[in-house]
Enquirer: 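Once you've had a glance at the structure underneath, I'll fire off some questions.
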Amino acid sequence: MLKVYKPLFCATITSLILCNSAFATENISIASTPKGSVWNTMSNAISKVTHDKTGMTTSVQALSGYQTITDAVQNETADFAINDVNDAMIAREGKGIYHGIKHTNLRIATRISPLQIGIFVRTDSDIHSIADLRGKIVASGWNGFPLGRTHMSAILATSGLDWDAVEEVPVHSILDAADALAEDKVDATYLAVGGPKVA
């Protein structure tokens, strides 16, 4: 997401910044999810490359969740944020967690890469399929990442399950869900494949 300066397409956010003279004298700010998340790692890498290649001052603002990073770009306290395209769409339309407030100052600057997600369980788990989640303890709530509810609901539905089929344990965010799995508080959660927290 980007404040609108002028139409431009480049392959990555870094090249977008390098190609856009509107940024030539500015400090570049990237709003990000908390440390340990995939997008925080990506944001810091982009910030470093941009600084190394241009000498511009770049910074990453680690914020509490997806709505706060979207709000930061909308309110022009950040220039960019790496976010789920679904969140960007509902923000533009003012739906869901955005409660009718249309974030019309947003646009998709570039697609970086698809992010694979999956259900994670411990190695000794007897869960081998989505259907095996029936009756299991599953991370839920996702107040810091409301799209998590949507994603997890869709994952459950692939095997004809819904939230009534599992035992819910509320978590605030993806990072909290990973901690809950590691601490044996849940049997399963969905996480990003290859994320730093997963590692």
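The residues of the chain are indexed from 1 along the displayed sequence. Everything numeric in this text was worked out from a predicted model, so none of it was measured.
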Enquirer: From Gln74 CD over to Thr104 OG1, what is the distance, rounded to the nearest 0.5 angstrom?
Expert: 5.5 Å
Enquirer: So, Ser159 side chain and Leu156 main chain: donor-acceptor pair closer than 3.5 Å or not?
Expert: no
Enquirer: Applying a strict under-4.5 Å side-chain criterion to I, L, V, M, F, W and Y, I'd like to know whether Leu63 and Tyr98 cluster together.
Expert: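 No: no chain of side-chain contacts under 4.5 Å links Leu63 to Tyr98.
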Enquirer: Please tell me whether Ser29 and Asp79 have a donor and an acceptor in their side chains that are separated by less than 3.5 angstrom.
Expert: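 Side chains of Ser29 and Asp79: no pair found under 3.5 Å.
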Enquirer: How about Tyr66 and Trp142: are their ring centroids closer than 6.0 Å?
Expert: no
Enquirer: If the threshold is 4.0 Å, N to carboxylate O, is there a salt bridge linking Asp52 and Lys48?
Expert: yes
Enquirer: Evaluate the side-chain proximity of Asp126 to Val121: yes if any heavy-atom separation is below 4.5 Å, no if none is.
Expert: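 No, their side chains stay 4.5 Å or more apart.
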Enquirer: Report yes or no: does Thr54 contribute a side-chain atom to a donor-acceptor pair with the main-chain N or O of Met56 at less than 3.5 Å?
Expert: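 Confirmed, Thr54 side chain pairs with Met56 backbone.
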Enquirer: Are Val85 and Ile97 linked, directly or through intermediate hydrophobic residues, by side-chain heavy-atom contacts shorter than 4.5 Å (ILVMFWY only)?
Expert: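 Not linked; separate clusters.
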Enquirer: Measure the spacing between CD of Gln61 and OG of Ser43 and express it to the nearest 0.5 Å.
Expert: 10.5 Å
Enquirer: Starting at CG of Asn83, measure out to CD of Gln67 and round the result to the nearest 0.5 Å.
Expert: 10.5 Å
Enquirer: Checking Asn40 side chain against Ser32 main chain: does a donor-acceptor pair fall under 3.5 Å?
Expert: no
Enquirer: Quick check for you: to the nearest 0.5 Å, what is the distance between Ser64 atom OG and Asn143 atom CG?
Expert: 11.0 Å
Enquirer: Does Asn27 reach the main-chain N or O of Thr58 with its side chain, forming a donor-acceptor pair under 3.5 Å?
Expert: no
Enquirer: Please tell me whether Ile101 and Val73 are part of a single hydrophobic cluster in this structure, the criterion being side-chain heavy atoms less than 4.5 Å apart.
Expert: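 Different clusters.
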Enquirer: Just how far is it from atom OG1 of Thr77 to atom CG of Asp71, taken to the nearest 0.5 Å?
Expert: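 Result: 8.5 Å between the selected atoms.
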Enquirer: For the side chain of Asp84 and the backbone of Asn86, is there at least one donor-acceptor N/O pair under 3.5 Å apart?
Expert: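 Yes; judged by distance alone, with no hydrogens or angles, the pair exists.
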Enquirer: Closer than 3.5 angstrom, by distance alone: can the side chain of Arg92 be matched with the main-chain N or O of Arg107 as a donor-acceptor pair?
Expert: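 No; judged by distance alone, with no hydrogens or angles, the pair does not exist.
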Enquirer: Between Tyr190 and His151, how do the two ring planes meet: parallel, tilted or perpendicular, split at 30° and 60°?
Expert: perpendicular
Enquirer: Determine whether a donor-acceptor pair (N or O, by modelled atom type, separation under 3.5 Å) exists between the side chain of Arg122 and the backbone of Leu181.
Expert: yes
Enquirer: Check step by step if side-chain contact (heavy atoms from CB on, under 4.5 Å) holds for Ser129 and Asp132.
Expert: CA-CA 5 Å; Ser129 69; Asp132 291 340; 3.4 Å; yes
Enquirer: Would you mind reporting whether Ile82 and Ile112 have side-chain heavy atoms less than 4.5 Å apart?
Expert: yes
Enquirer: Measure the spacing between OG of Ser140 and CZ of Arg149 and express it to the nearest 0.5 Å.
Expert: 9.5 Å
Enquirer: Run the side-chain contact (heavy atoms from CB on, under 4.5 Å) check on Thr189 and Ile119 step by step: do they pass?
Expert: CA-CA 6 Å; Thr189 186; Ile119 297 298; over 6 Å; no
